[in-house]
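Notes follow once the structure below has been shown.
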Amino acid sequence: MVDLVVRAANATTVVDAQRLVAQFRGFSGVRSAEIVSALTPVVGELDLLERLPVGPAQWGQELRVEFSAAPARTELRAAAAEIAAAADRALVQPCRAVAPPPMLGSPLAWAITTGARAMILTVDPARGWSALSDSFDTVLGYDRHRPPDYRLIDLIHPDDRPAAVAMFLTCCTGRHPTGTVDLRLCTAAGRWRTVEVAARSFVDDAQVGAVVFFGIDVTRQRETERTVLVEQQRLARLVETMGDGLLLLDERGRVGLANLAAHRLLDTGLAGSDTSRSHVTEDDPLDWAAVIGRAIERLGADSTRVERLREAFRLRSAIVGEEIPFDDGRVLELDLVPVAGPGESDSGTLVHIRDVTARVAIRHGLEERSRGLEERSRGLEERNQALIEATALNNEFVATVSHELRGPLSSVVAFAHLLGDAATGDLSEDQRTYLDVIDRNANRLLRLIEDLLLLSRLEARTLHLKPVPTRLPELLAVAVAERTPVALAAGLHLVLECADGPELICDDTRVHQVVDNLVSNAVKFTPSGGQVTVRAGPADDGWTIAVADSGVGIPAADLPRLFSAFFRGSNVAAAVGRQVMPGTGLGLVVSRAIVELHGGGISVASTEGVGTTVTLSLPSRPARNGG
């Protein structure tokens with residue numbers, strides 16, 4: 001024991017310290033002794049374990065000794081502390097660069113060493129470190145013949161130093177470390193390069209007496225691997241978050257990948273318990289053959305789809321949108337897509353699974369509704385045809401009756417005019433009153449018949465326009481002049497405000513009829529002292545005409561029905577200060593039909609008790625089907 005302590009006090013290198021540790025393991029009462037990383041899991045009884053730090057704390061190394069009994073721990077603890085102190089002193093000694101030897105071994109071996117792709121460094125625990133290969137210069141930018149006055153540990157990234165020290169400590173025991181480690185080394189330009197490092201121990205070789213490190217620059221490779229890993233992780237997250245199931249089958253039909261949705265849709269029992277199980281490995285205990293077998297058993301009576309899928313898998317053909325109904329009411333839709341590997345080799349089949357139960361139910365419902373709609377459509381067509389025939393018959397009837405009534409009524413009006421002529425003899429006051437009633441009502445009936453005939457022709461689309469170039473200001477002047485005597489007799493001021501503009505291609509007779517109808521209505525329902533204004537001017541590609549009055553107006557409730565046949569406002573009997581002949585209820589209907597036949601439009605704005613404005617727009621040319 002005393003000899004061990006003396007040797008510990010005189011130890012100068014890490015190799016010496018590791019040999020002391022090996023000797024210490026042979027002492028009775030010591031189960032194990034080793035310099036290890038402080039992060040290594042602790043095994044054994046804590047009461048019999050001694051943990052002594054070695055080197056700077058940031059390197060994370062310690063001498064860990066397990067004793068067989070408490071007395072042994074008490075007796076040998078001081079010796080263990082001396083060994084730890086020796087290892088600590090040796091480990092923190094500066095290991096600085098020294099110039100490489102001019103020749104090492106045969107000329108061929110030296111040429112191979114200096115020209116090696118790998119960086120080759122030797123670390124002599126007693127002398128220092130040397131770079132033997134020229135790649136040290138090319139990778140890190142230093143001159144190996146005049147190396148920097150740095151400790152080797154100073155070239156290593158602080159976070160990587162524990163791994164580098166652990167590798168060096170292993171080599172100082174005479175053992176070769178298993179595997180490699182990645183170390184980030186600082187270049188002469190101050191950048192970090194990632195180097196994959198392996199080490200071999202020659203500390204027990206009398207001719208070498210050093211640790212040899214071999215390093216390959218893998219900076220780009222690691223960056224590429226990180227990029228690939230990130231993309232793989234993104235792809236994995238995408239696959240896992242998909243609502244559709246994905247299965248990847250190899251060429252023998254074995255499942256190589258299955259996401260959570262596939263587990264859920266195929267009811268494997270793993271969808272909600274262990275998300276890591278979605279990516280299947282060869283060691284996965286899940287029996288996918290049994291899972292797929294149970295799924296097939298739950299199919300309905302029709303199994304031809306399954307046979308078709310099996311045949312497609314065998315022949316490596318694609319299938320898209322195959323619906324598989326289950327006896328529990330679910331419907332899964334499958335896509336089979338062959339996947340080619342590198343060089344067009346067979347990599348298996350991707351199975352895409354979707355739950356389309358709701359979509360199929362909606363489709364069936366739509367099909368039922370479609371059949372019902374077809375039946376209703378046929379019924380509507382039959383009723384529509386009947387209505388068309390009835391309308392045609394009604395128009396024919398109205399035209400026939402109107403034609404038959406117009407002749408006699410025209411005779412009544414003509415003979416009434418003859419009776420009122422002074423040349424035919426004098427009439428009494430009562431006779432003239434009776435004659436005025438006959439003339440007024442006969443003319444009203446005649447206007448009604450004319451409107452009915454025109455309306456029936458409009459509805460039957462048998463009225464054709466006769467468009468001619470028309471000076472609209474002149475047409476409006478004539479229409480206003482014709483109504484001026486009636487307006488003056490009613491105590492009204494009838495005004496025309498018309499701007500000049502281009503000619504209007506229209507059926508001037510029909511347009512005159514519309515304007516006359518609107519002015520007549522305005523005069524009829526405006527009290528004495530009021531005003532009727534006709535305004536017109538070019539607008540866009542046509543003309544706008546507005547007939548405004550200060551009359552009784554139209555109730556708001558009546559406005560939606562203004563253009564209905566035979567409709568008259570609820571306030572037509574309102575007092576306007578004079579007797580008003582009721583209209584036929586067809587004037588606005590006929591006017592709108594004529595305007596629309598020209599390709600124009602008509603609108604009414606009215607406030608009860610304030611007045612009414614009727615506005616119509618006419619294009620510069622009538623609609624093609626209008627003439």
Side-chain angles (χ1 to χ4, degrees), residues 11-18 35-37 54-61 86-102 104 113-114 116-177 179-205 208-219:
T12 59
T13 68
V14 178
V15 175
D16 295 337
Q18 288 286 36
I35 299 177
V36 297
S37 168
V54 174
Q58 61 266 30
W59 294 357
Q61 305 297 320
D88 185 80
R89 290 193 307 272
L91 197 58
V92 298
Q93 283 182 357
C95 182
R96 298 192 179 278
V98 295
L104 185 65
T113 301
T114 56
R117 174 173 173 264
M119 289 187 292
I120 303 176
L121 284 78
T122 62
V123 179
D124 186 330
R127 293 181 61 251
W129 65 275
S130 300
L132 303 184
S133 60
D134 292 337
S135 58
F136 179 82
D137 300 33
T138 57
V139 173
L140 299 181
Y142 303 106
D143 184 350
R144 70 185 184 90
H145 297 286
R146 290 187 295 275
D149 188 23
Y150 295 146
R151 297 182 305 168
L152 183 59
I153 197 72
D154 294 333
L155 299 180
I156 303 174
H157 193 283
D159 293 342
D160 297 342
R161 289 172 186 173
V165 171
M167 178 178 279
F168 178 65
L169 286 170
T170 300
C171 289
C172 288
T173 65
R175 303 194 311 267
H176 300 307
T180 61
V181 296
D182 281 358
L183 301 179
R184 284 166 288 180
L185 303 183
C186 187
T187 68
R191 296 193 177 97
W192 294 105
R193 304 292 295 180
T194 301
V195 178
E196 185 181 43
V197 177
R200 290 294 180 267
S201 176
F202 296 94
V203 295
D204 294 330
D205 188 324
V208 180
V211 176
V212 181
F213 290 93
F214 303 87
I216 298 294
D217 183 7
V218 292
T219 304

Which pair of non-hydrogen atoms, one from G174 and one from S201, has the smallest distance, and what is that distance? CA-OG, 3.4 Å
Any donor-acceptor pair under 3.5 Å from Q61 side chain to W59 backbone: yes
Is any side-chain heavy atom of V211 less than 4.5 Å from a side-chain heavy atom of F202? no
Just how far is it from atom CG of L155 to atom CZ of R193, taken to the nearest 0.5 Å? 15.0 Å
Under a 3.5 Å distance rule, please check whether D88 uses its side chain to pair with a backbone N or O of G55 as donor and acceptor. yes
Taking I120's backbone N and O only, do any of them form a donor-acceptor pair with S133's side chain (distance below 3.5 Å, no angle check)? yes
May I ask you to test the L185-M119 pair for a side-chain heavy-atom distance under 4.5 Å? yes
Which atom names give the shortest non-hydrogen contact between A210 and P125, and what distance separates them? CA-CD, 4.4 Å
Check: T138 and D134 side chains under 4.5 Å, non-hydrogen atoms: no
Using atom types as modelled and distance alone, determine if a side-chain donor or acceptor of Q93 lies under 3.5 Å from a backbone N or O of T12. yes
Measure from the side-chain N and O atoms of S135 to the backbone N and O of A118, and report whether any donor-acceptor pair falls under 3.5 Å. yes
Can you tell me how far the OG1 atom of T173 sits from the CG atom of D204, to the nearest 0.5 Å? 8.5 Å
Measure the CG-CZ distance between D137 and R146 for me, rounded to the nearest 0.5 Å. 10.0 Å
Just how far is it from atom CD1 of I216 to atom OG1 of T180, taken to the nearest 0.5 Å? 10.5 Å
Test V123 against C95 for side chain to side chain contact (heavy atoms under 4.5 Å, CB included), laying out the working first. CA-CA 8 Å; V123 179; C95 182; 3.8 Å; yes
Can you find a heavy atom in the side chain of L121 that is under 4.5 Å from one in the side chain of L132? no
For residues V218 and E196, report the shortest heavy-atom separation together with the two atoms involved. CG2-N, 3.7 Å
Mind checking the OG1-CG spacing from T122 to D124? Nearest 0.5 Å is all I need. 7.5 Å
Closest approach of P100 to R144 (non-hydrogen atoms, all atoms of both residues): CD-O, 3.3 Å
Could you tell me if the side chain of R184 sits less than 4.5 Å from the side chain of D159, heavy atoms only? yes
Tell me, do V197 and D182 make a side-chain contact under 4.5 Å, heavy atoms counted? no
Using modelled atom types and a 3.5 Å cut-off, is there a donor and acceptor pairing between side-chain atoms of Y142 and backbone atoms of F136? no
Would you give the length of the straight line joining atom CG of D217 to atom CZ of R117, rounded to the nearest 0.5 angstrom? 8.0 Å
For the backbone of T194 and the side chain of T219, can you confirm whether one donor and one acceptor N or O come within less than 3.5 Å of each other? yes
For Q18 and C172 the tightest heavy-atom approach is CB-O, 3.6 Å
Shortest non-hydrogen contact between R151 and P94, atoms and distance: CD-CA, 4.0 Å
Side chains of C171 and R200, heavy atoms from C-beta outward: is any pair under 4.5 Å? no
How about V98 and W129: do any of their side-chain heavy atoms sit closer than 4.5 Å? no
Looking at T170, is its backbone amide N or carbonyl O close enough to the side chain of R175 to form a donor-acceptor pair, meaning the two atoms are under 3.5 Å apart? no
